[in-house]
Amino acid sequence: MKRLVIALIIAVVVLDMGLIKDSSADITSVTSLMSTKDILAINKWDFSDADGKIHDTVCVVTRSDDVLSTGKISFYNRTDDNTLEKVYEYDPECYYYSMFALSNAGNLVTVWETGSAVHLTIFSMIHGKIVAVMDESMKGFPEIADIDNDGEFEIITTLDNFLTDYKTNKVVQLPEEADIYKWDGEKYFLLNIVPWKQRFKLLTDTIKKQK
């Protein structure tokens with residue numbers, strides 16, 4: 001399966017929809033955090049809000065179930081005395097796959113797996129708080145591209161299956177439709193549902209008009 005992923009992936013470890021919740025404040029140090037044996041991945045997320053302020057956030061994925069090895073992600077803000085304060089937690093009750101920022105100081109993408117589907121959750125900083133701005137399940141991994149050439153990445157997903165001939169390892173059937181999600185500054189909304197093979201056509205048409 002072809003995957004289009006744009007970002008710096010700090011770690012890839014082992015990944016249904018889950019519960020998103022605010023967590024009570026939890027102060028820790030970098031040393032204590034790094035000594036946690038159940039850590040699956042750590043990513044530094046420098047997010048620039050609407051006022052241009054950079055939020056220095058550390059994202060930590062830890063094992064949430066010893067039997068199933070499912071993961072959860074916690075967000076820590078760095079305080080003035082260089083300690084870390086946990087401000088948000090997301091527990092999807094499924095397997096962690098990857099996380100990355102869409103761009104410099106952009107939204108944080110997290111990808112999780114259930115065995116039968118892929119779950120995509122994107123986080124942003126809205127009015128000073130970390131929130132999930134997209135939380136969707138899909139078949140196959142999302143594609144990320146600036147389809148309309150406006151400088152913002154769109155998210156492309158599908159609910160259809162890729163069918164593979166396991167004897168030849170070739171894809172014999174592609175999805176019929178693709179869902180295109182666009183960022184409006186506070187959330188990702190469904191922009192359009194298009195034929196799968198035409199999902200990048202808008203980008204091609206936009207570039208032709210600019211020439």
* To do: Run the numbers on Lys44 and Asp56 for side-chain contact (heavy atoms from CB on, under 4.5 Å), then give the verdict.
  => CA-CA 8 Å; Lys44 188 173 183 292; Asp56 186 2; 3.5 Å; yes
* Asked: Which word best sums up how the rings of Tyr188 and Trp183 line up, parallel for under 30°, tilted for 30 to 60°, or perpendicular for over 60°?
  -> tilted
Report whether [X] and [Y] are members of the same hydrophobic cluster (ILVMFWY, side-chain heavy atoms less than 4.5 Å apart, transitive linking).
| X | Y | value |
| --- | --- | --- |
| Phe141 | Leu102 | yes |
| Ile39 | Tyr76 | yes |
| Ile193 | Tyr181 | yes |

Taking the side chain from [X] and the backbone from [Y], do they hold a donor-acceptor pair closer than 3.5 Å?
| X | Y | result |
| --- | --- | --- |
| Thr110 | Thr121 | yes |
| Asp160 | Glu177 | yes |
| Trp45 | Gly106 | yes |

* To do: Output yes when Arg63 and Asp38 qualify as a salt bridge under the 4.0 Å nitrogen-oxygen rule, no when they do not.
  => yes
Going from [atom1] on [X] to [atom2] on [Y], what distance comes out if it is rounded to the nearest 0.5 angstrom?
| X | Y | atom1 | atom2 | answer |
| --- | --- | --- | --- | --- |
| Ser124 | Lys187 | OG | NZ | 12.0 Å |
| Glu152 | Ile147 | CD | CD1 | 13.0 Å |
| Glu143 | Ile180 | CD | CD1 | 10.0 Å |
| Ile42 | Thr62 | CD1 | OG1 | 10.0 Å |
| Leu120 | Met138 | CG | CE | 4.5 Å |
| Lys86 | Asn77 | NZ | CG | 13.0 Å |

* To do: Report the C-alpha distance between Thr158 and Glu176 in whole Å, list the side-chain angles of each, state the deciding distance to 0.1 Å, and finish with yes or no for side-chain contact (heavy atoms from CB on, under 4.5 Å).
  => CA-CA 8 Å; Thr158 184; Glu176 294 184 2; over 6 Å; no
State, with a plain yes or no, whether a side-chain heavy atom of [X] is found less than 4.5 Å away from one of [Y].
| X | Y | result |
| --- | --- | --- |
| Glu93 | Asp91 | yes |
| Ile156 | Phe200 | yes |
| Asp150 | Lys182 | yes |
| Ile130 | Leu108 | no |

* To do: Kindly say whether the aromatic ring centers of Phe47 and Phe123 come within a distance under 6.0 Å.
  => no
Grab the two heavy atoms, one from [X] and one from [Y], that are nearest each other, plus how far apart they are.
| X | Y | result |
| --- | --- | --- |
| Leu159 | Ser137 | CD2-O, 3.5 Å |
| Cys94 | Thr114 | CB-CG2, 4.0 Å |
| Trp196 | Pro175 | CB-O, 3.0 Å |
| Leu40 | Gly71 | CD1-CA, 4.3 Å |
| Met99 | Ile73 | SD-CD1, 3.9 Å |
| Ile126 | Gly185 | CD1-O, 3.8 Å |

* Derivation and outcome, side-chain contact (heavy atoms from CB on, under 4.5 Å), residues Phe100 and Ile144 -> CA-CA 12 Å; Phe100 51 88; Ile144 300 172; 3.7 Å; yes
* To do: Show the numbers, then the answer: is there a side-chain contact (heavy atoms from CB on, under 4.5 Å) between Thr157 and Glu136?
  => CA-CA 9 Å; Thr157 70; Glu136 298 287 340; 5.8 Å; no
